Chemist: 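Structure incoming, see below.
What you are looking at is a predicted structure, and each value in this text was computed from that prediction instead of being measured.
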Amino acid sequence: MPDATRVFHPDRWGLILAGGEGRRLRPLTRILSGAGVPKQFCAVLGRETLLERTRRRAAHAIAPARTLVALTRAHEPFYRTFVAGMPEHCAVVQPEDRGTATAILYGLLRIAAVAPAAAVAILPSDHYVSDDGVFMGHVSAAFATVSARPELIALLGIAAGNAEVDYGWIEPAEPIAGTPLRRVARFWEKPAPALAEALFAAGALWNSLVVVARVAALLGLIRRATPDLYAAGAAIGATLGTLGESVAVRAMYRDVLPTGFSERVLAPEARQLVVLPVRGVQWSDWGTPERVAATLATLGMKPAWAGRLAGERA
């Protein structure tokens, strides 16, 4: 963790998404851990798990006591030790995995119940970042912008290193006067090779799925894009922080359909969003063993598991 004497902005919160199954990385996590551990709970580089690395990264700009982690009850054996070292309120434990939009909505409602005027950074837990300080410096810049312009919802867009076909892309539009931000023209999810080349040549950005905004602005976005999901979440509002919360949340999760935040909330509302270009840092979404191996290769590392993985897939 960064220096414990660091002074954090009181209105800045974090929400780390760590409730998924990470199935595409399971061939690697089985080798590394000896079991099918969801990737966020696996130590892929060094001794820290991806979730631990993400929480440490977040602490460059957000107080750990104001950084919530969205988890799924079925993973409790994997996160038991992790949450033991956190304030109790930071663990947002979902009864089931109902997609990223549902996890985000629950986390936002928990923050809104105690800090309705807060801003929040939403951080996936499966990313590699070469320089945490530089990356979180961009997050801090986004926080400053949404503090001054509370209607804005900012995504971090990574300066692309190649015409990657397995990432989501952000096509920027016109700049926002007086800021480093640009409007979002549209999203392109896993484009065909020719389109990826065109996007790369045009200066489009990789979508990091890191979002920074006022809590109220994000709740409004979810309400417009997925009114049924928002209504289900709003129904638990009065129970938050009470003994009735767990019962209400179980009922909500039983009734809602799995909902992805990127495709169901962000994509339909693209023109309501802005993007902050991120430069000066290497970034990768560690969704597959091949992508992990490619990142390690750039660091001059050839892990022993690479040969074993290739042998198992042959």
Side-chain angles (χ1 to χ4, degrees), residues 14-58 67-83 86 90-107 122-129 132 135 158 164-168 189-190 206-211 253 257-266 282-296 301 303 305-306 308-310 312-313:
L15 176 60
I16 298 174
L17 303 179
E21 296 297 330
R23 290 185 176 89
R24 292 192 301 163
L25 207 64
R26 285 294 175 89
L28 174 56
T29 63
R30 277 195 296 267
I31 291 173
L32 294 176
S33 66
V37 178
K39 61 184 175 181
Q40 61 269 33
F41 308 115
C42 191
V44 178
L45 178 62
R47 296 185 176 183
E48 287 182 305
T49 67
L50 294 182
L51 177 54
E52 288 168 340
R53 292 174 69 89
T54 305
R55 189 162 182 261
R56 177 168 55 82
R57 181 182 312 126
T67 301
L68 308 188
V69 182
L71 302 157
T72 301
R73 177 67 66 190
H75 297 158
E76 195 270 341
F78 306 121
Y79 63 68
R80 184 183 299 126
T81 302
F82 175 77
V83 301
M86 294 166 43
C90 289
V92 181
V93 180
Q94 306 170 94
E96 303 173 69
D97 179 12
R98 285 291 185 261
T100 49
T102 310
I104 288 169
L105 175 59
Y106 184 20
I122 299 171
L123 304 165
S125 60
D126 58 352
H127 292 175
Y128 166 78
V129 173
D132 290 346
F135 188 84
I158 310 297
E164 174 64 60
V165 297
D166 201 35
Y167 283 161
E189 187 62 29
K190 297 183 179 180
W206 290 336
N207 187 1
S208 73
L209 295 175
V210 173
V211 182
Y253 273 72
L257 296 173
T259 306
F261 188 68
S262 182
E263 61 270 27
R264 290 291 307 280
V265 178
L266 296 182
Q282 290 181 303
W283 172 92
S284 179
D285 175 351
W286 277 2
T288 65
E290 293 77 14
R291 201 174 294 149
V292 176
T295 300
L296 298 184
M301 302 170 63
W305 52 257
R308 180 179 170 186
L309 186 66
E312 289 185 0
R313 291 187 164 185

Chemist: Would you say the side-chain atoms of Thr29 pair up with the backbone N or O of Val37, donor to acceptor, closer than 3.5 Å?
Modeler: yes
Chemist: Minimum heavy-atom separation for Leu257 to Thr102, with atom names?
Modeler: O-OG1, 4.3 Å
Chemist: Within the structure provided, determine whether Tyr128 and Val44 are in side-chain contact (heavy-atom separation under 4.5 Å).
Modeler: no
Chemist: So which heavy atom on Phe78 is nearest to which on Pro38, and how close?
Modeler: CE1-CD, 3.5 Å
Chemist: Can you tell me how far CD1 of Ile122 sits from CG of Leu68, rounded to the nearest 0.5 angstrom?
Modeler: 11.0 Å
Chemist: If you take all heavy atoms of Leu71 and Ala91, which pair is closest and at what distance?
Modeler: CD1-CB, 4.3 Å
Chemist: Heavy atoms only: give me the nearest Ala103-Leu15 pair and the separation to one decimal.
Modeler: O-CD2, 4.4 Å
Chemist: Considering only heavy atoms from C-beta outward, does the side chain of Arg57 approach that of Phe135 to under 4.5 Å?
Modeler: yes
Chemist: When you compare the side chain of Leu209 with that of Ser262, does any pair of heavy atoms fall below 4.5 Å?
Modeler: yes
Chemist: State, with a plain yes or no, whether a side-chain heavy atom of Phe82 is found less than 4.5 Å away from one of Thr49.
Modeler: no
Chemist: For the atom pair OG (Ser125) and CZ (Arg55), what is the distance rounded to the nearest 0.5 Å?
Modeler: 13.0 Å
Chemist: Roughly how far, to the nearest 0.5 Å, is CG of Leu32 from CG of Leu45?
Modeler: 10.5 Å
Chemist: Look at the side chain of Arg291 and the backbone N and O of Asp285, then say whether any donor-acceptor pair between them is shorter than 3.5 Å.
Modeler: yes
Chemist: With rounding to the nearest 0.5 Å, note down the distance linking OG1 in Thr81 to CE in Met86.
Modeler: 12.5 Å
Chemist: Should Arg24 and Asp126 count as an ion pair when the cut-off is N to O under 4.0 Å?
Modeler: no
Chemist: Going by side chain to side chain donor-acceptor pair (under 3.5 Å), name the pairs with one or both residues in residues 68-77, residues two or more places apart or in two chains.
Modeler: Glu21-His75, Glu76-Arg80
Chemist: Are Ser208 and Trp283 linked by a side-chain donor-acceptor pair shorter than 3.5 Å?
Modeler: no
Chemist: If we ignore hydrogens and angles and just use 3.5 Å, is the side chain of Arg53 paired with the main-chain N or O of Glu48 as donor and acceptor?
Modeler: no
Chemist: Classify the angle between the aromatic ring planes of Tyr167 and Trp206 as parallel (below 30°), tilted (30 to 60°) or perpendicular (above 60°).
Modeler: perpendicular
Chemist: Nearest 0.5 Å, please: how far is CG in Leu17 from CD1 in Ile104?
Modeler: 5.0 Å
Chemist: For the residue pair Val93 and Tyr79, what are the closest heavy atoms and their distance?
Modeler: CG1-OH, 3.4 Å
Chemist: Indicate yes or no: at least one non-hydrogen side-chain atom of Arg56 is less than 4.5 angstrom from one of Asp132.
Modeler: yes
Chemist: Roughly how far, to the nearest 0.5 Å, is the CD atom of Glu52 from the SG atom of Cys42?
Modeler: 11.0 Å
Chemist: Which atoms form the tightest heavy-atom contact between Gly19 and Gln94, and what is the distance?
Modeler: CA-NE2, 4.3 Å
